[in-house]
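Some notes on the structure that comes next.
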There are 2 protein chains.
Amino acid sequence: MPKKRVLPYIILGILKQNPGLSGKEITEQFTCEIGEFWKASHSQIYPELKKMLADKWIEKRSKEDNAKEIDYFLTLNGKSVLKEWIDQPLELPVNRDPFSLKMFFINDKDDPRVNELIDEEKRLLKEQLAHLKMREALLFDDEKRIQQNYGHYLILTRAISRIEGQIAWLKSIK
Amino acid sequence: MPKKRVLPYIILGILKQNPGLSGKEITEQFTCEIGEFWKASHSQIYPELKKMLADKWIEKRSKEDNAKEIDYFLTLNGKSVLKEWIDQPLELPVNRDPFSLKMFFINDKDDPRVNELIDEEKRLLKEQLAHLKMREALLFDDEKRIQQNYGHYLILTRAISRIEGQIAWLKSIK
DNA sequence: CGGTCCATGTAAACCGTTACATGATTAA
DNA sequence: TTAATCATGTAACGGTTTACATGGACCG
């Protein structure tokens with residue numbers, strides 16, 4: 001049994017919310033919108049798009065004979081494939097967390113590296129928190145936008161809540 | 001530049017805390033102790049052990065001519081390699097979270113899948129929370145054990161706090 | 001023209017999972 | 001003794017990252 005594929009479903013989701021994006025624009029989505037939850041580089045995305053074209057999950061419409069810009073759209077088939085994926089049972093991910101790993105291997109409570117790791121992790125989390133709060137202020141400044149992109153709003157507030165919780169925990173142990 | 005390797009350092013850490021483990025026993029550590037933070041199957045671990053032997057990070061001492069059980073120990077070199085890795089700058093991991101991904105693609109606040117996803121995620125988190133609390137009760141029932149495995153204690157309480165926070169958030173949005 | 005940028009594309013190396021294989025020990 | 005089990009090992013496949021390549025567009 002092959003490992004579960006996720007990337008094509010993410011691309012389907014991106015294209016459903018933003019019909020007509022190019023490969024480049026899809027790549028940018030991974031750095032900004034869903035970068036907290038998945039990373040993918042263009043060298044993964046372009047071959048994946050070709051495969052999805054071959055499978056008739058998406059179609060392309062090169063507008064104005066411009067050879068460079070290629071715009072992709074979901075097919076009806078692609079829409080149902082996306083629906084099916086969302087309805088598949090959830091699984092909890094493994095949290096590959098370098099902070100926890102390194103801390104795990106320090107036995108002595110008074111090891112100076114304990115506080116070093118805590119400070120470094122706190123700094124990183126605060127950076128990420130600032131970024132997420134900026135996104136929240138930018139994207140969801142009124143109730144209407146929340147209603148129209150409810151899932152996006154939820155996971156953004158969830159990520160913020162998660163990081164705030166982690167920072168609070170880090171503060172609580174010092 | 002190759003991608004950062006993590007597995008050998010985890011194995012070093014495991015062997016530092018449990019000198020003389022076999023490949024099988026190292027594999028078991030990944031299912032129970034650090035399974036929240038990293039997964040690795042035996043088919044990854046055995047070749048990695050051979051590579052670490054060749055690099056003189058670990059050494060083996062087959063006791064009693066028993067061909068089956070192979071016990072591994074850190075070399076002095078391996079100890080310093082582990083120290084170096086812990087001192088490397090931290091990086092925040094990408095949280096590959098299926099729940100967030102799927103939720104991201106649901107736009108309508110009243111889509112029934114919103115609550116389905118929330119309920120399913122809540123169930124999974126409660127399962128994991130129960131497991132972690134069991135581990136906590138089992139491993140850290142007195143202050144002395146906490147002092148002697150402080151890092152392990154920290155990351156266990158951190159994971160518990162994280163999951164409790166996520167569950168609380170899930171409850172808060174319904 | 002000539003050079004640079006840019007969207008797209010390709011190649012190579014490594015990681016991780018799944019499935020299968022081996023050889024010794026144990027159990028019926 | 002045969003069968004099952006177990007620790008170890010190997011093979012194949014796909015995913016991900018890094019680096020490099022192409023070919024048109026834009027600008028001097």
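To find a chain, count down the sequence lines: A is the first, B the second, and so on, and within it residues start at 1.
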Separation of [N] [atom2] from [X] [atom1] (nearest whole Å):
{"X": "B:Leu7", "N": "C:dG16", "atom1": "CG", "atom2": "C1'", "value": "10 Å"}
{"X": "B:Lys24", "N": "C:dA24", "atom1": "NZ", "atom2": "P", "value": "19 Å"}
{"X": "A:Lys39", "N": "D:dT17", "atom1": "NZ", "atom2": "P", "value": "9 Å"}
{"X": "B:Trp38", "N": "C:dT17", "atom1": "CH2", "atom2": "C1'", "value": "15 Å"}
{"X": "B:Leu21", "N": "D:dT8", "atom1": "CG", "atom2": "P", "value": "11 Å"}

Any residue of residues 81-92 of chain A with a heavy atom less than 4.0 Å from an atom of DNA chain D: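 Here the set is empty: none.
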Pairing residues for B:Arg145 by the side chain to side chain donor-acceptor pair (under 3.5 Å) criterion, not counting sequence neighbours: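 Once residues adjacent in sequence are excluded, B:Arg145 has no partner under the side chain to side chain donor-acceptor pair (under 3.5 Å) criterion.
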Listed partners of B:Glu120 passing side chain to side chain donor-acceptor pair (under 3.5 Å), at least two apart: none
A:Phe104: ring-ring contact (aromatic ring centres under 6.0 Å, His included) partners, not counting sequence neighbours: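 If we apply the ring-ring contact (aromatic ring centres under 6.0 Å, His included) test to A:Phe104, skipping adjacent residues, the hits are B:His152.
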Partner set under ring-ring contact (aromatic ring centres under 6.0 Å, His included) for A:Trp85, not counting sequence neighbours: A:Tyr9
Presence of A:Arg96 side-chain N/O under 4.0 Å of D:dT16 phosphate oxygens OP1/OP2: no
Non-neighbouring partners of B:Asp119 that pass salt bridge (charged side-chain N to carboxylate O under 4.0 Å, His left out), sequence neighbours left out: B:Lys174
Set of residues satisfying salt bridge (charged side-chain N to carboxylate O under 4.0 Å, His left out) with respect to B:Asp55, sequence neighbours excluded: B:Lys51
Could you list all N or O pairs between the protein and nucleotides 9-13 of chain D that sit under 3.5 Å apart?
from, atom 1, to, atom 2, distance (Å)
D:dG9, O6, B:His42, NE2, 2.7

With a 3.5 Å cut-off and sequence neighbours excluded, list the donor-acceptor pairs that the side chains of residues 129-141 of chain B form with protein atoms.
from, atom 1, to, atom 2, distance (Å)
B:Lys133, NZ, B:Glu164, OE2, 3.1
B:Arg135, NH2, B:Glu33, OE1, 3.4
B:Arg135, NH2, B:Glu33, OE2, 2.1

Side chains of A:Glu36 and A:Gln128, donor plus acceptor under 3.5 Å: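 Indeed, the side chains of A:Glu36 and A:Gln128 share at least one donor-acceptor pair under 3.5 Å.
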